[in-house]
Amino acid sequence: MDAKIEHTTLTQSPRLTDKLGVDIDPELLSLALTHRSYAYENGGVPHNERLEFLGDSILGQAVTVHLFTTNPGLDEGSLAKRRASVVSTVALAEVARGIGLGEYVRLGRGEDQTGGRDKDSILADTMEAVIGAAFLSAGAEASTALVLRLVAPLLADPERYGAAMDPKTSLQELAARSALPPPSYAVVAQGPDHNRVFTATVTVGSVTREGIGSSKKQAEMAGALAAWHALNDRD
């Protein structure tokens, strides 16, 4: 893809900007979507890790303040557990998939060919970078509003707190409540040792879902979360 066309597609697509609902500077958005693998393969151009660092802080503050002000009856431990689940890699990856963020990420060829667009870690990190870009472009109020819109499904459904934080345990408990056998996991790995991609197939009764990750654990967690949602929605 021509670099100019790619830049326009990634930063000015109405599909992405409409989903975000925030006016983000095109260059900052392009930077937020640039993974280090792309930077490495293109002469060391800037990548999104600094924006990710900023976005992580904004995300944490927005979620912390919201939980504190809307849950006056919860103690510190409960608030901390809920915050950790909402800002977890698995939860953020779920949010990113909900807006189709993976299709916009600029990846190196190798990372792209090994399923990088659906890796929890890449999706979560990119989501944080986009939040950082929103802060720099539109300010604290707009970026906080963006965070709360993005995580609203998790905040509105307390059951998802546990599922996002510990999807394997949550899936096992849901299977038991549904009188189903324990979940089974089958994991396969592809790619070279330095860039392995793991795919976990999770089966619970008649429900089968897949999860992809850069480790066996991440893949199993992603698959378990997908299976939990499928089983929970069915019930």
Side-chain angles (χ1 to χ4, degrees), residues 1-13 15-17 19-20 24 26-56 59 87-133 150 164 167-168 185-202 208-227:
M1 180 183 292
D2 179 82
K4 184 176 181 180
I5 295 175
E6 181 183 44
H7 177 83
T8 300
T9 301
L10 291 170
T11 60
Q12 297 181 6
S13 167
R15 291 179 299 161
L16 178 58
T17 54
K19 290 172 183 177
L20 293 172
I24 302 178
E27 291 189 4
L28 279 174
L29 183 54
S30 180
L31 178 61
L33 296 167
T34 302
H35 187 255
R36 65 172 176 246
S37 63
Y38 179 93
Y40 177 78
E41 291 184 11
N42 288 272
V45 299
H47 54 74
N48 64 7
E49 290 184 0
R50 279 176 53 86
L51 283 176
E52 174 197 337
F53 170 79
L54 176 62
D56 175 69
L59 170 70
V87 304
S88 70
T89 295
V90 172
L92 285 181
E94 180 186 2
V95 168
R97 290 188 184 98
I99 61 171
L101 189 62
E103 68 178 283
Y104 300 100
V105 182
R106 295 204 289 182
L107 294 172
R109 183 171 299 179
E111 190 70 70
D112 195 12
Q113 292 176 343
T114 55
R117 294 188 185 280
D118 199 45
K119 282 185 182 179
D120 280 5
S121 57
I122 290 178
L123 289 173
D125 291 348
T126 304
M127 194 74 262
E128 289 179 338
V130 168
I131 292 168
L150 291 171
K168 294 184 69 174
Y185 295 83
V187 182
V188 296
Q190 294 179 312
D193 289 342
H194 68 280
N195 193 25
R196 296 286 251 182
V197 176
F198 294 82
T199 301
T201 301
V202 184
T208 299
R209 291 294 186 272
E210 287 188 348
I212 298 174
S214 57
S215 68
K216 178 182 177 182
K217 180 180 178 180
Q218 283 188 351
E220 288 183 341
M221 289 177 66
L225 185 61

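The basis for the numbers below is simple: all heavy atoms, side chains too, and nothing from hydrogens, waters or symmetry mates. Since we're looking at a predicted model, the values are computed, not measured.
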In chain order, what residues pass the side chain to side chain contact (heavy atoms under 4.5 Å, CB included) check against [X], with sequence neighbours excluded?
X: A124; value: T89, L92
X: I99; value: K19, L20, L101, M127, L150
X: R50; value: none

From [X] [atom1] over to [Y] [atom2], what is the distance, rounded to the nearest 0.5 angstrom?
X: I24; Y: I131; atom1: CD1; atom2: CD1; value: 9.5 Å
X: L31; Y: E27; atom1: CG; atom2: CD; value: 9.5 Å
X: R106; Y: E41; atom1: CZ; atom2: CD; value: 12.5 Å
X: N48; Y: T34; atom1: CG; atom2: OG1; value: 6.5 Å

Ignoring hydrogens, what is the shortest heavy-atom contact between [X] and [Y]? Give both atom names and the distance.
X: G223; Y: V202; value: C-CG2, 3.6 Å
X: A133; Y: A32; value: CB-CB, 4.1 Å
X: L33; Y: T126; value: CD2-CG2, 3.9 Å
X: L54; Y: G132; value: CD2-O, 3.7 Å

Which residues pass the salt bridge (Lys or Arg N to Asp or Glu O under 4.0 Å) test with [X], sequence neighbours left out?
X: E128; value: none
X: E49; value: R36
X: R97; value: D118, D120

Residue pairs passing the side chain to side chain donor-acceptor pair (under 3.5 Å) test where at least one lies in residues 209-226, sequence neighbours excluded | K168-E220, S214-Q218
Heavy-atom distance under 4.5 Å between the side chains of [X] and [Y], does that happen here?
X: T114; Y: Q190; value: no
X: D112; Y: Y38; value: no
X: I122; Y: R117; value: no

What pairs with N42 under side-chain hydrogen bond (donor to acceptor under 3.5 Å, both in side chains), at least two apart in sequence or on another chain?
-> none
For S37, what residues pass the side-chain hydrogen bond (donor to acceptor under 3.5 Å, both in side chains) criterion, not counting sequence neighbours?
->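 Residues passing side-chain hydrogen bond (donor to acceptor under 3.5 Å, both in side chains) with S37: H35.
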Run the numbers on E111 and K119 for side chain to side chain contact (heavy atoms under 4.5 Å, CB included), then give the verdict.
-> CA-CA 10 Å; E111 190 70 70; K119 282 185 182 179; 2.5 Å; yes
